[in-house]
Amino acid sequence: MLQRIFSFLMVLIICTSCDYFTFSGKNKNLQEVDTLVDFFSVDSSPSFKICDSIIEKKALENCFRNTLHNKLGAALQTHHFSVKDSISETVLIGVLINSKGNVAIDNIDSSLKIKEQLPELDSILTVTLHKLSPIFPAVKRGIPVTTKYTLPIKIHLQE
């Protein structure tokens, strides 16, 4: 009886300790990582249709930013704002472009003076961004990805 218990314990120890032994054939199916992925850059930035012919990465990003600035600026100039005091400040707009090309405002960083004198600015910017022509999303390793841009908008208004 003692011999059976001893044999059972030995078999149990051998079966449970097999994970501690390494065999040369055990790691053949593991794929080796060949590169590191930089999560803070993209292979190609988002773009509008008019920027499609541009190949260079920096020029494509500049075309996208300039087009976005021009469209926001043109939309803001169609509105008539009345202010009590002169304003000359910069508003930072956090713009999210998801992997489907949809645009959303992440945040709007403006001073208290702008929030008091131009309370409708946030809604105008939101509506303007939703009306933008289709945007092609940024691409990382052939996969569309979500990106965030911070756009500075200079506000100059006289009394």
Hey, mind stepping through Thr128 and Lys71 against side-chain contact (heavy atoms from CB on, under 4.5 Å) and telling me if it holds? CA-CA 8 Å; Thr128 302; Lys71 289 185 180 217; 5.9 Å; no
Could you tell me the separation between the CD1 atom of Ile93 and the CG atom of Asp122, rounded to the nearest 0.5 Å? 9.0 Å
Pairwise distance CG(Leu129) to CD1(Ile135) - rounded to 0.5 angstrom: 8.0 Å
Using only atom types and a distance under 3.5 Å, with no angle test, would you say the side chain of Lys154 pairs donor to acceptor with the backbone of Ser88? no
Euclidean distance, Lys140 NZ relative to Ser99 OG, rounded to 0.5 Å: 15.5 Å
Tell me which pairs pass ring-ring contact (aromatic ring centres under 6.0 Å, His included) where either residue lies in residues 127-159, with sequence neighbours left out. Phe64-Tyr149
In one Ile/Leu/Val/Met/Phe/Trp/Tyr side-chain cluster, 4.5 Å: Phe48, Val145: no
Tracing side-chain contacts under 4.5 Å among Ile, Leu, Val, Met, Phe, Trp and Tyr outward from Leu96 reaches none
For Thr150 versus Arg65, what's the shortest heavy-atom pair and its separation? O-NH1, 3.6 Å
Nearest 0.5 Å, please: how far is CG in Leu125 from CD1 in Ile108? 5.0 Å
Do any side-chain atoms of residues 51-62 form donor-acceptor pairs under 3.5 angstrom with protein atoms, and if so which ones, sequence neighbours left out?
| unit_1 | atom_1 | unit_2 | atom_2 | d |
| --- | --- | --- | --- | --- |
| Lys57 | NZ | Val42 | O | 2.8 |
| Asn62 | ND2 | Lys58 | O | 3.4 |

Using the rule that Ile, Leu, Val, Met, Phe, Trp and Tyr join whenever any side-chain heavy atoms are under 4.5 Å apart, tell me whether Leu151 and Ile105 fall into a single cluster. yes
Neighbour count above 12 (heavy atom, 6.0 Å) for Glu120 CD: yes
Close side-chain approach of Leu121 to Lys115, heavy-atom, < 4.5 Å: no
Taking all heavy atoms of Gly142 and all of Pro144, pick out the closest pair and write down the distance. O-CD, 4.0 Å
Test item: Leu118 and Ile124 side chains (from C-beta on) under 4.5 Å apart, heavy atoms: no
Could you tell me which residues satisfy side chain to side chain donor-acceptor pair (under 3.5 Å) with Lys148, sequence neighbours excluded, listed by chain and number? Asp106
Looking at Lys84 and Gln117, what are the two nearest heavy atoms and their distance? N-OE1, 3.3 Å
Show every donor-acceptor pair shorter than 3.5 Å between a side-chain atom in residues 73-81 and any protein atom, with sequence neighbours excluded, or say none if there are none.
| unit_1 | atom_1 | unit_2 | atom_2 | d |
| --- | --- | --- | --- | --- |
| Thr78 | OG1 | Ala75 | O | 2.6 |

Test log, rule side-chain contact (heavy atoms from CB on, under 4.5 Å), inputs Leu68 and Val103: CA-CA 11 Å; Leu68 191 57; Val103 181; 6.0 Å; no
Transitive ILVMFWY cluster of Met10, excluding itself - 4.5 Å side-chain cut-off: Phe6
If you measure from OG1 on Thr90 to CG on Asp109, what distance do you get to the nearest 0.5 Å? 10.5 Å
